[in-house]
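For reference, the structure discussed in these notes is given below.
Keep in mind it's a predicted model, so treat the numbers as computed, not measured.
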Amino acid sequence: EVQLVESGGGLVQAGGSLRLSCAASGFTFVDYAIGWFRQAPGKEREGVSCISSSDGRLYYADSVKGRFNISSDNAKNTVYLQMNSLKPENTAVYYCAAVRPLVPLYGSISYQEPDYWGQGTQVTVSS
């Protein structure tokens, strides 16, 4: 059974930090890139960041560059998203998803539907 399980969401004040985790199982981890998406109420889904498990290529949306850091622990089949300097506009449900890695990597979460999704974790940033 394929599973992507997110954790680490919560309530934080503006300027604070959270680290999200995405634990994967049931598929060959290194064959996929793991992407983080978010969706706020009334807004479209947005691709935030992505990492290729096989070669470590990274992608960040412009809105999070310099504040968010994605990393992968292949031994644990887990991807992390460290979110710093959080802003109220970062409030959303954050989902991780497994996608086939494209070249360039931003295409992996920008132009194709993921194969697998997690259930999402709520991130709320208060002002």
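The closest side-chain heavy-atom distance from M83 to L18 is below 4.5 Å. Using a 4.5 Å heavy-atom cutoff, the side chains of N69 and Y60 are in contact. Side-chain contact between I34 and F29: present, with at least one pair of heavy atoms (C-beta onward) separated by less than 4.5 Å. Side-chain atoms of Q122 and T91, non-hydrogen and from C-beta on, do get closer than 4.5 Å to each other. Two residues are said to be in side-chain contact when any heavy atoms from C-beta on lie closer than 4.5 Å; F68 and L86 meet this criterion. Within the 4.5 Å cutoff, side-chain heavy atoms of D115 are placed close to those of R100. Counting heavy atoms from C-beta outward, N90 and V123 have side chains that stay 4.5 Å or more apart. Between Y95 and L4 there is no side-chain heavy-atom pair separated by less than 4.5 Å.
Nearest heavy-atom pair, A92 versus A40, reported as atom, atom and distance to 0.1 Å: CB-N, 3.8 Å. Looking at every heavy atom in both residues, S126 comes nearest to L11 through CB-CD1, 4.3 Å. Residue K76 comes nearest to T78 through the heavy atom pair O-OG1, 2.9 Å, listed as atom of the first residue, atom of the second, then distance. Between S49 and L81, the shortest heavy-atom distance links the atoms CB-CD1, 4.1 Å. Of all heavy-atom pairs between A14 and P88, the closest is CB-CD, 4.0 Å.
The backbone N or O of V5 lies less than 3.5 Å from no partner atom in the side chain of Q119, so there is not a single donor-acceptor pair. N74 places no side-chain N or O within donor-acceptor distance of the main-chain N or O of S54, the cut-off being under 3.5 Å. Checked by atom type and distance alone, the side chain of Q82 never pairs as donor or acceptor with a backbone atom of R19 at under 3.5 Å.
Listed by first and then second residue, the salt bridge (Lys or Arg N to Asp or Glu O under 4.0 Å) pairs that reach into residues 36-52 are R38-E46, R45-E113, sequence neighbours excluded. Listed by first and then second residue, the salt bridge (Lys or Arg N to Asp or Glu O under 4.0 Å) pairs that reach into residues 55-68 are D55-R57, D62-K65, sequence neighbours excluded.
Annotation: ring-ring contact (aromatic ring centres under 6.0 Å, His included) contacts of Y94 (sequence neighbours excluded): none. With sequence neighbours excluded, the residues satisfying side chain to side chain contact (heavy atoms under 4.5 Å, CB included) with T28 are V30, D31. For Y32, the ring-ring contact (aromatic ring centres under 6.0 Å, His included) partners two or more places apart in sequence, or in a different chain, are F27, Y116. Legend: residues meeting disulfide bond (SG atoms under 2.5 Å apart) with C50, ordered by chain and number and at least two apart, are absent.
To the nearest 0.5 angstrom, T121 atom OG1 is 7.5 Å from W36 atom CH2. The structure places OG of S127 at 14.0 Å from NZ of K87, a figure rounded to the nearest 0.5 Å. Taking CD1 of I109 as the reference point, atom CD1 of I51 lies at 12.0 Å (rounded to 0.5 Å).
Connection of V48 to I70 is established within a shared hydrophobic cluster, with ILVMFWY side chains joined at heavy-atom distances below 4.5 Å, either directly or through further cluster members.
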